[in-house]
Chemist: 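Attaching a single structure in structure tokens format; questions to follow.
Letters A, B, ... are given to chains in the order of the sequence lines, protein chains preceding strands, and every chain is numbered from 1.
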Amino acid sequence: MLSKHYDHHEVEKGKYDEWKKRGYFGTKDLTKTKFSMVIPPPNVTGKLHLGHAWNTTIQDIIARYKRAKGYDVLWVPGMDHAGIATQAKVEERLRKEGISRYDLGREKFLEKAYEWKKEYSETIHDQWKMMGLSLDYNRERFTLDEGLNKAVRHVFCELYKKGLIYRGEKIINWDPVLKTALSNIEVIHSDDQGKFYYFKYQIVGTSRFLEVATTRPETMFGDVCVVVNPRDERYKDLIGKKVINPANHEELPIIGDEYVDIEFGTGAMKCTPAHDPNDFEIAKRHHLPHPICMNEDATMNDLCGEKYVGLDRYECRDKLVAAIEKEGNLIKIENIVHPVGHSERSKCVVEPYLSKQWFVKMKPLAMQALEAQKSENRVDFIPERFEKIFTNWMKDCEDWCISRQLWWGHRIPAYYHKTTGEMIVCEEPPKDLENYIQDEDVLDTWFSSALWPFSTLGWPEKTEDLKRYYPLDVLVTAYDIIFFWVSRMIFQGLEFTDTHPFKKVLIHGLIRDEQGRKMSKSLGNGIDPIDVIEKYGVDALRYFLTTSTSPGLDTRYSDIKLQSASNYLNKIWNAARFILLNLEKEEKLDIDDSKLDVLDRFILSRLNKCVENVTLNMDKYDFANASTHLYNFVYDDFTSWYLELAKVKLNTADVESVRNTKAVLLKVLKDIVILIYPYVPFIAEEIYQQLPHHLESIMLETYPEVSKERYDEKSEMIVLDLIKMIKDVRSYKVDCKLAPNAPIELEIITNQRPLVEILLPFLKRMTFASKINFVNEFKDGNPRVYQLATMVIKDNVDKEKLLATLNAEIERLEQEVARGEKMLSNENFIAKAPKEKVALEQKKLADYKKQLQEYRDKKNNL
RNA sequence: GGAUGUUUAGCUCAGCUGGGAGAGCAUCGCCUUUACACGGCGGAGGUCGUAGGUUCGAGCCCUAUAACAUCCACCA
């Protein structure tokens, strides 16, 4: 039997292992329609946070819902090796031991990285278990495992053959701390405080100077010219002349190029082709060289002269500016705020850097993806607006730099001949491998993640899983990785599988702290899901995460909402407890339709409408709305009314009625438990196991179906009338400062006496009425009008008070009548509004008028 | 510089194709009624950011505008 209070520790115990052991998480029935998802593989860098909890709970709800709906569900788990992120963590750990990765060498370092992976994948598994995720562990994958490596090599080589992957020397974003290239989206631009240095460049052969401004003086060692706009009247005569670079006193040509903005700065720009993408383009147009002036760690190289070689770029900047100032060539320094790129991982300022890297040519792939959005291969974004974010990015994304100067990752399958230097790109290493050196670089993590929807199913092999489960039905992810991941899966999927990788992508937001700030390590405002689970239970956490949120929007963590979720679960728990206390063990309880009374028909009607609304919203992946419908049903219709009224029924001597009431209670409870089960599987299973005649587990149950024949407007109307009467008596008692259980007498006038008589025992019990009399007219008191009857609460209050309440009621009705008359006297309304709406308003007006008359009569009779 | 989102009760947020403003929490009052005080019952609380427009009718549609948030972007 259920304990008095719901104890999440007790409830959660042992269930997950049991489910897993019995194989409920796997696929089995090939006759069913398939429904497939893959988990967004978490990085093996550390513990999972609330964002992961949110993301995976959504998927688990979908998986559990779809299983209950009769689908053969596949949900593939896995993790991402997270190249840069993990390597940085491992290096950091080594550094604490006083070792660098170079001390270990590639192979030994990778061993350390695998140790790290093993450690954190265990943590992640523990967390998945805690969250109750129904993942199919038999199909778990890792982005660096052998199968996925094969997929990666295949894709690389195919794209290379098609000319969609190339190696080239371009300006890329260089992270000097991690010493690797980055892709454009791994660079975070922020407006930083900086300085704008104005220098004098002496024009050769004259004593005149050209003023040039820069934010990065240290790059002056790599300058090849000064550029002005040929339409700039001030400078156009200078084109072809030369100036002295104040940094190294070398001569620089002055050239003309339309790129330069006449209005900006001094209108004369220094040009550093190897350290700025625009400058690189200019140099290319003018056939100028592109000398590099920094090393990989952003220290100055030997191009910079003895005084500066080996200095860090910022140290060099300060020294150089001081030197130029000493020579009298510094004009001024302005403080400015300008956009500066930072490495997503190391946070350091990225250095635009000329370097030989591998790139994916994006245009053709992007075009294909954009075209597909207009076809049946489209991916539906939920909410829709995220499609625009995706297409806009696709439209003008640049080539994707995929090579990383790291060790932890998929090594690029390119080989260079030791003597000839010839390069070959091939899936399997060349037979005479001893004559070749493999490319040292590894691929961007996202290169392998992009293949995740199909590589996890065995692609490029034509596996049974691939045939049956691909493409996926839905992908669930937060909006912050649309560019990194979603878009890349889409174009790779289209390119290699000829179909969209998933039909729908469900986008959710990010979780913030209670003040609405992002959770971050530096703020120390992160919340560990484990602590929340300990305090409120995983069911409450899951319920909070998926119901107090709006599609696509961020949400705030809220202790209060978790409390509230936990209270709700306790409510269901106790409703179940009450029902089970009233059931005989193993009693066979089927609803006998011929014995249903108006209350039963009422609750079954409401239940079916609830099931309809919940299902509708579950199918739209609108979990907040779905849960609200259920919540309202549980609180209002079920526990506040049917359950309370059923207590009266259970106390009667009519054995058949009692039995049927129990059957209805059980039916409603069971449906509620199954409806809420996808959100809160642990408590649902616990209650379910207490029900008579249950299956082995709630995981094997089928979702309630709507029975429209249970819809019963008349019974609803009748019970709502009863409810209204009860509520009126209750508020009357509060108004009169009477105790809720104070005895009271009621008088009723009705022309539907048989119906009303059925309601009497309930009215009596719920209002604590000592007497209810049917009368033909009221001698005094305030008549209250209902659909079925008119009712007076007998009391001995004085006339004045009665008059006051009558007047208040009359005033309210007058307002209603005025509203209706105004609306209906509007010719345009009559003419243009839908007929049903007009009819409805007319009926309402008539009702109000009738009521008003009754109240006025009563007042006059006083 | 572009783009998107948000703005509704004290707080956090719902409000579905335009047809009488809702929930949770907080607050006030009453109640230990045998499922639940992690509770029940009854209240109070809103010019729906601002200004126009469309419409018989606008929280919802359109146009401006403000504030906040986020994303994208190579201005030296």
Side-chain angles (χ1 to χ4, degrees), chain A residues 2 4-6 171 184-185 189 196 212-216 219 227 259-261 263-272 276-281 338-339 341 352 383 385-386 388-389 392-393 396-397 479-480 482-483 509-510 514 516 518 548-550 552-556 558-561 563-582 613 616-617 620 622 624-625 628 631-632 635 639-640 643-644 647 726-727 730-735 737-741 765-766 768 816 819-820 823 826-834 836-838 840-841 844:
Chain A
L2 300 179
K4 194 170 173 184
H5 289 303
Y6 152 58
I171 301 281
N184 292 350
I185 51 176
H189 291 273
F196 207 15
V212 177
T214 178
T215 53
R216 297 195 298 151
T219 63
V227 198
Y259 172 78
V260 176
D261 180 351
E263 304 294 323
F264 191 86
T266 64
M269 184 187 90
K270 71 183 211 58
C271 177
T272 323
D276 184 288
N278 296 310
D279 293 6
F280 184 74
E281 290 304 314
H338 63 145
R385 63 188 158 87
F386 287 106
K388 215 191 310 179
I389 308 243
N392 282 348
W393 185 76
D396 45 31
C397 63
Y479 61 72
D480 60 339
I482 291 178
F483 304 142
L510 309 176
E514 301 209 52
K518 258 187 186 167
S548 59
T549 54
S550 217
L553 295 183
D554 290 352
T555 194
R556 293 187 189 205
S558 160
D559 241 7
I560 282 167
K561 283 189 180 167
Q563 186 88 53
S564 155
S566 170
N567 291 351
Y568 175 41
L569 298 181
N570 187 54
K571 187 77 183 175
I572 293 176
W573 177 269
N574 270 289
R577 182 165 179 265
F578 168 76
I579 293 163
L580 293 166
L581 282 169
N582 278 286
N613 283 321
L616 202 79
N617 282 293
K620 288 196 294 186
D622 189 342
N625 247 330
T628 302
Y631 181 94
N632 290 338
Y635 269 93
T639 58
S640 286
L643 210 66
E644 292 302 324
K647 288 175 184 172
I726 295 166
K727 286 191 157 201
R730 283 174 177 168
S731 38
Y732 167 84
K733 285 183 181 180
V734 169
D735 284 349
K737 300 209 185 305
L738 293 171
N741 59 354
R765 159 82 182 259
M766 303 300 280
F768 297 90
E816 294 289 3
R819 174 187 170 271
M823 212 164 176
N826 183 338
E827 283 171 28
N828 283 320
F829 176 71
I830 305 288
K832 296 183 182 176
E836 313 83 70
K837 180 69 189 166
V838 176
L840 187 70
E841 287 300 329
K844 267 163 43 179

Chemist: What does A:Lys620 touch in the nucleic acid at a heavy-atom separation under 4.0 angstrom: a base, only the sugar-phosphate, or nothing?
Modeler: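 The answer is nothing, as A:Lys620 stays clear of every strand by at least 4.0 Å.
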Chemist: Just do the side chain to side chain donor-acceptor pair (under 3.5 Å) check on A:Asp279 and A:Tyr259 with the steps written out, would you?
Modeler: CA-CA 9 Å; A:Asp279 293 6; A:Tyr259 172 78; over 6 Å; no
Chemist: Suppose we screen for side chain to side chain contact (heavy atoms under 4.5 Å, CB included). Which residues come up paired with A:Lys837, at least two apart in sequence or across chains?
Modeler: A:Met823, A:Phe829, A:Pro834, A:Glu841
Chemist: For A:Pro740, report the nucleic acid contact type (base, sugar-phosphate, nothing); a contact means any heavy atom under 4.0 Å.
Modeler: sugar-phosphate
Chemist: Have a look at A:Asn741 and say if it touches a base, only the backbone sugar-phosphate, or nothing, with a 4.0 Å heavy-atom cut-off.
Modeler: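 A:Asn741: no heavy atom of the nucleic acid under 4.0 Å.
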Chemist: Report which part of the nucleic acid A:Lys388 touches: base, sugar-phosphate, or nothing (heavy-atom distance under 4.0 Å, all strands).
Modeler: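 Sugar-phosphate, no base atom in range.
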Chemist: Show me, range against range, the stems involving RNA chain B, built from at least 3 consecutive Watson-Crick or G-U pairs below 3.5 Å.
Modeler: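 Detected stem regions: B:1-7 with B:66-72, B:10-13 with B:22-25, B:27-31 with B:39-43, B:49-53 with B:61-65.
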Chemist: Students often get this wrong, so: under 4.0 angstrom with heavy atoms, is A:Tyr568 touching a base, only sugar-phosphate, or nothing?
Modeler: nothing
Chemist: Hey, does A:Ser731 reach any base, or is it just sugar-phosphate, or nothing, if we go heavy atoms under 4.0 Å?
Modeler: sugar-phosphate
Chemist: To the nearest 0.5 Å, how far apart are NZ in A:Lys844 and CD in A:Glu816?
Modeler: 8.0 Å
Chemist: What nucleic acid atoms does A:Pro339 come within less than 4.0 Å of, heavy atoms only: base, sugar-phosphate, or nothing?
Modeler: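 Counting heavy atoms under 4.0 Å across all strands, the contact made by A:Pro339 is with sugar-phosphate only.
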Chemist: Out of A:Val212, A:Val227, A:Asp276, which one pairs with A:Lys270 under the side chain to side chain contact (heavy atoms under 4.5 Å, CB included) rule?
Modeler: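 When side chain to side chain contact (heavy atoms under 4.5 Å, CB included) is applied between A:Lys270 and each of A:Val212, A:Val227, A:Asp276, only A:Val212 qualifies.
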Chemist: Mapping A:Asn828 and A:Glu644 onto RNA chain B by nearest heavy atom, which one lands closer to the 5' end?
Modeler: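 Looking at the nearest nucleotide for each, A:Glu644 comes out on the 5' side.
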Chemist: Would A:Asp559 and A:Gln563 count as a side-chain contact (heavy atoms from CB on, under 4.5 Å) here? Give the steps.
Modeler: CA-CA 6 Å; A:Asp559 241 7; A:Gln563 186 88 53; over 6 Å; no
Chemist: Sequence neighbours excluded, which residues qualify as side chain to side chain contact (heavy atoms under 4.5 Å, CB included) partners of A:Asp480?
Modeler: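 With neighbours one apart ignored, the set is A:Ala478, A:Leu510.
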Chemist: Within the 4.0 Å heavy-atom criterion, would you say A:Glu816 contacts the bases, only the backbone, or no part of the nucleic acid?
Modeler: base
Chemist: Counting the atoms with a prime plus P, OP1 and OP2 as sugar-phosphate, which does A:Lys844 contact under 4.0 Å by heavy atoms, base, sugar-phosphate, or nothing?
Modeler: base
Chemist: When we call it a touch if two heavy atoms are under 4.0 Å apart, what does A:Phe280 touch: a base, just sugar-phosphate, or nothing?
Modeler: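 The residue A:Phe280 makes no contact with any strand.
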Chemist: What's the gap between B:G49 and B:C60 when it is taken at their P atoms, as a whole Å value?
Modeler: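 Pairwise P distance, B:G49 against B:C60, rounds to 8 Å.
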Chemist: Does a side-chain heavy-atom distance below 4.5 Å link A:Phe196 with A:His338?
Modeler: no
Chemist: Once side chain to side chain contact (heavy atoms under 4.5 Å, CB included) is applied, do any residues pair with A:Ile389, and if so which ones, sequence neighbours excluded?
Modeler: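 For A:Ile389, the residues satisfying side chain to side chain contact (heavy atoms under 4.5 Å, CB included) (neighbours in sequence not counted) are A:Phe386, A:Phe483.
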Chemist: Rounding to the closest angstrom, what is the interatomic distance between B:U8 and B:G46 at atom P?
Modeler: 15 Å
Chemist: Please find the earliest and latest nucleotides of RNA chain B, in the 5' to 3' direction, that have an atom within less than 4.0 Å of any heavy atom of chain A.
Modeler: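 Span of nucleotides near chain A: B:U4 to B:A76.
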Chemist: What interatomic distance, in whole Å, is found between P of B:C16 and the corresponding atom of B:G22?
Modeler: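 Rounded to whole Å, the distance is 14 Å.
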Chemist: In whole angstrom, give me the gap between the C1' atoms of B:A58 and B:G53.
Modeler: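 The answer is 11 Å between these two C1' atoms.
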Chemist: Rounding to an integer number of angstrom, what distance separates B:G40 and B:A35 when you compare their P atoms?
Modeler: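 The same atom, P, in both gives a distance of 13 Å.
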Chemist: A:Ser550 near the nucleic acid: base, sugar-phosphate alone, or nothing, with a heavy-atom cut-off under 4.0 Å?
Modeler: sugar-phosphate
Chemist: CZ/A:Arg730 to CG/A:Leu738 distance, rounded to the nearest 0.5 angstrom?
Modeler: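 Rounded to the nearest 0.5 Å, the CZ-CG separation comes out at 14.5 Å.
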Chemist: In whole angstrom, give me the gap between the C1' atoms of B:C11 and B:U27.
Modeler: 12 Å
Chemist: Using a 4.0 Å heavy-atom cut-off across all strands, classify A:Leu643 as base, sugar-phosphate, or nothing.
Modeler: base
Chemist: Which part of the nucleic acid does A:Arg216 contact within heavy-atom distance under 4.0 Å: base, sugar-phosphate only, or nothing?
Modeler: nothing
Chemist: Roughly how many Å apart are B:C62 and B:A67, using the P atom of each and rounding to a whole number?
Modeler: 22 Å
Chemist: Evaluate A:Asn574 against A:Tyr6 for side-chain contact (heavy atoms from CB on, under 4.5 Å), listing each step before the verdict.
Modeler: CA-CA 8 Å; A:Asn574 270 289; A:Tyr6 152 58; over 6 Å; no
Chemist: Under the side chain to side chain contact (heavy atoms under 4.5 Å, CB included) rule, collect the residues that match up with A:Phe578, sequence neighbours excluded.
Modeler: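 Applying side chain to side chain contact (heavy atoms under 4.5 Å, CB included) to A:Phe578 gives A:Asn582, A:Leu643, A:Lys647, A:Leu650.
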Chemist: Using atom C1' in both nucleotides, what's the gap between B:C38 and B:G59 to the nearest angstrom?
Modeler: 35 Å
Chemist: Take A:Lys647 and A:Tyr631, find for each the nucleotide of RNA chain B with the closest heavy atom, and name the residue whose nucleotide sits nearer the 5' end.
Modeler: A:Tyr631
Chemist: Touch check for A:Val212, heavy atoms < 4.0 angstrom, all strands: base, sugar-phosphate only, or nothing?
Modeler: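 If one applies the 4.0 Å heavy-atom cut-off, A:Val212 turns out to touch nothing in the nucleic acid.
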